[in-house]
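Computed over heavy atoms, backbone and side chain alike; hydrogens, waters and symmetry mates excluded. To find a chain, count down the sequence lines: A is the first, B the second, and so on, and within it residues start at 1.
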Protein chains: 2
Amino acid sequence: MVDNKLIDVTFKKYGLRKTSFRKNLFELFHNSLNSLSAKEISLRFSTSADKVSIYRALDSFEKSGLIHKVPDKNNLLRYSLCKSECTPNQHAHDHAHFLCSVCDETFCLDDFTLPSTKSHNGFLINDLKIIMEGTCVSCKSI
Amino acid sequence: MVDNKLIDVTFKKYGLRKTSFRKNLFELFHNSLNSLSAKEISLRFSTSADKVSIYRALDSFEKSGLIHKVPDKNNLLRYSLCKSECTPNQHAHDHAHFLCSVCDETFCLDDFTLPSTKSHNGFLINDLKIIMEGTCVSCKSI
DNA sequence: ATATTAAACGCAACAAAATTGCGTTATAAA
DNA sequence: TTTATAACGCAATTTTGTTGCGTTTAATAT
Ligand SMILES: [Mn+2]
Ligand SMILES: [Mn+2]
Ligand SMILES: [Zn+2]
Ligand SMILES: [Zn+2]
């Protein structure tokens, strides 16, 4: 459960309307350790949520800076909560993503240091992403 | 145009059958600086190629070690030619990819040093990819 | 050269993921 | 309370990729 105060503050900050569906969706992201796809979101809702509403909410959350796209092993749209620094104007995702070959989940590795190079052989680098594949902590111990 | 000798050598090396379609597909990859999606491939063929053949050829090329998947902004299947060291048993893609925001081309930056970390916080890392976005050399000077 | 074998092809059907259109409902602000 | 508009929900559609199956083609053996 997420307390109402946090929802108020968050939705205010990101300029989002507090509909019951979007509040539930935010809770889902907040309580979930790793990223979510539209299908996973759908499955976790007791009251069946319309997929169009899911996609549109995800899109809106992303534009606002609340969530960001993460890579997915099967090329699905998949999202994770942003750090609190993100806004519609500044999505700063300075962390690596890890795709588990076993469970197919995507994890954000917040403390993996990225190369900070801003140019290379004349190429101007505005954004640098790292995508790792391997075995995640839980799958390793099975 | 790609000389027949190269096709012979390449197809032999990767254990691929020399069908006219697959020879053309190889030429396409060989003559193209950037990566290719199924749709882009389809559009560049004069004689309309069946999409199933395209997907199956891409799959077969990938398994053989001739091409490898490249991340795509719109979650499409997208491929690039491998370095000549690749085989079905050893796909070694130890280079970064650069996507130019201006001209949309993909460049392989062979000499960009990748982090060599093999594990992080209990996650076992088998493969690490770097995708950069920015402005390429030619677009910078326009 | 010819026969044999298996991969590749082409077409239709299918499936999953995501998008669009539109009338209705709920929210925020006046 | 009224009003403007964002969000919702349902149907239809598009896009991307897959599966099945009979036919063709290429590599190999004879
Ligand atoms: Mn992330
Ligand atoms: Mn490459
Ligand atoms: Zn896992
Ligand atoms: Zn460019």
Side-chain angles (χ1 to χ4, degrees), chain A residues 4 7-29 35-67 69-79 88 104 106, chain B residues 4 7-29 35-67 69-79 88:
Chain A
N4 279 328
I7 291 184
D8 283 357
V9 170
T10 307
F11 278 60
K12 180 92 174 179
K13 172 180 173 190
Y14 291 99
L16 297 167
R17 285 202 188 194
K18 287 184 287 179
T19 72
S20 60
F21 169 65
R22 292 187 179 202
K23 283 188 281 187
N24 290 334
L25 182 59
F26 171 66
E27 285 205 23
L28 202 55
F29 272 108
S35 57
L36 295 168
S37 68
K39 193 180 193 177
E40 287 163 1
I41 290 165
S42 180
L43 291 172
R44 297 203 202 178
F45 270 93
S46 41
T47 56
S48 66
D50 191 78
K51 65 174 173 173
V52 178
S53 300
I54 295 173
Y55 283 114
R56 292 206 258 235
L58 289 171
D59 196 53
S60 148
F61 279 17
E62 199 223 344
K63 283 192 172 58
S64 79
L66 178 60
I67 62 175
K69 282 186 185 143
V70 301
D72 176 85
K73 206 113 190 309
N74 301 115
N75 282 17
L76 303 177
L77 288 181
R78 178 174 285 282
Y79 297 86
D104 273 10
T106 304
Chain B
N4 279 328
I7 290 183
D8 284 357
V9 170
T10 307
F11 276 61
K12 179 91 174 180
K13 173 181 173 188
Y14 291 98
L16 297 166
R17 288 203 183 191
K18 287 184 288 179
T19 71
S20 59
F21 168 67
R22 293 188 177 201
K23 283 188 281 186
N24 290 334
L25 182 60
F26 171 66
E27 286 205 20
L28 203 55
F29 272 107
S35 56
L36 295 167
S37 68
K39 193 180 195 178
E40 286 163 0
I41 289 164
S42 181
L43 291 171
R44 297 202 202 180
F45 270 93
S46 40
T47 56
S48 65
D50 190 79
K51 65 173 176 173
V52 178
S53 301
I54 295 174
Y55 282 113
R56 292 207 259 235
L58 289 171
D59 196 53
S60 149
F61 279 17
E62 200 224 344
K63 285 193 169 58
S64 79
L66 179 58
I67 63 175
K69 283 187 183 137
V70 168
D72 176 85
K73 278 180 200 165
N74 302 116
N75 282 17
L76 304 177
L77 287 181
R78 179 173 286 282
Y79 296 87

Asks: Going from CD1 on B:I67 to OG on B:S60, what distance comes out if it is rounded to the nearest 0.5 angstrom?
Replies: 8.5 Å
Asks: In this structure, how many angstroms lie between the P atom of D:dT18 and the CG atom of B:L58, rounded?
Replies: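 Rounded to the whole Å, the gap is 10 Å.
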Asks: Which residue, B:K39 or A:T19, contacts DNA chain D at a nucleotide closer to its 5' end, judged by nearest heavy atom?
Replies: A:T19
Asks: Mind calculating the distance between CZ (A:F26) and P (D:dA7) to the nearest angstrom?
Replies: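 That distance rounds to 16 Å.
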Asks: Could you tell me whether B:K51 contacts a base, only the sugar-phosphate backbone, or nothing, with contacts defined as non-hydrogen atoms closer than 4.0 Å?
Replies: base
Asks: Write down the distance between CG (A:L76) and C1' (D:dT16), rounded to a whole number of angstrom.
Replies: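 Rounding to the nearest Å, CG of A:L76 and C1' of D:dT16 are 12 Å apart.
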Asks: So which one's nearest nucleotide on DNA chain D is more toward 5', A:D50 or B:R17?
Replies: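 Result: A:D50.
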Asks: Does A:Y55 place a side-chain N or O at less than 4.0 Å from the phosphate oxygens OP1/OP2 of C:dT19?
Replies: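 For C:dT19, OP1/OP2 do not have a side-chain N/O of A:Y55 under 4.0 Å.
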Asks: Send over the distance from B:R78 CZ to D:dT15 C1', rounded to a whole Å.
Replies: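 Going from B:R78 (CZ) to D:dT15 (C1'), I get 15 Å.
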Asks: Hey, does B:K18 reach any base, or is it just sugar-phosphate, or nothing, if we go heavy atoms under 4.0 Å?
Replies: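 Since only primed, P, OP1 and OP2 atoms lie under 4.0 Å of B:K18, the category is sugar-phosphate.
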Asks: Taking 4.0 Å as the cut-off, does a side-chain nitrogen or oxygen of B:R22 come that near to OP1 or OP2 on C:dA8?
Replies: yes
Asks: Which pair of non-hydrogen atoms, one from B:A49 and one from B:F21, has the smallest distance, and what is that distance?
Replies: CB-CE1, 3.6 Å
Asks: What is the distance from CZ of A:F45 to P of D:dG9, rounded to the nearest Å?
Replies: 10 Å
Asks: Counting only side-chain N and O atoms of B:S53, is one of them less than 4.0 Å from OP1 or OP2 of C:dG10?
Replies: yes
Asks: Check the pair B:E40, B:L76 against side-chain contact (heavy atoms from CB on, under 4.5 Å), reporting the backbone distance first and the verdict last.
Replies: CA-CA 11 Å; B:E40 286 163 0; B:L76 304 177; over 6 Å; no
Asks: Would you mind telling me which residue lines up with the more 5' stretch of DNA chain C, B:G15 or A:L16, judged by nearest nucleotide?
Replies: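 Counting from the 5' end, the first nearest nucleotide belongs to B:G15.
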Asks: How many Å lie between CG on B:N24 and P on C:dC9, as a whole number?
Replies: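 The distance from CG of B:N24 to P of C:dC9 comes to 11 Å, rounded to the nearest Å.
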Asks: Rounded to the nearest angstrom, tell me the gap between atom CG in A:L77 and atom P in D:dT15.
Replies: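 Spelled out: CG on A:L77 to P on D:dT15 is 16 Å.
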Asks: What about B:F26 and B:F61, are their ring centers closer than 6.0 Å?
Replies: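 When the ring centroids of B:F26 and B:F61 are compared, they turn out to be at least 6.0 Å apart.
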Asks: With no angle test and no hydrogens, is the base of D:dG9 tied to the side chain of A:R56 by a donor-acceptor pair under 3.5 Å?
Replies: yes
Asks: Around atom NZ of A:K23, are there more than 12 heavy atoms of other residues, nucleotides or ligands at under 6.0 Å?
Replies: yes
Asks: Just how far, in rounded Å, is P of D:dT23 from CZ of B:F21?
Replies: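 Nearest whole value for this atom pair: 22 Å.
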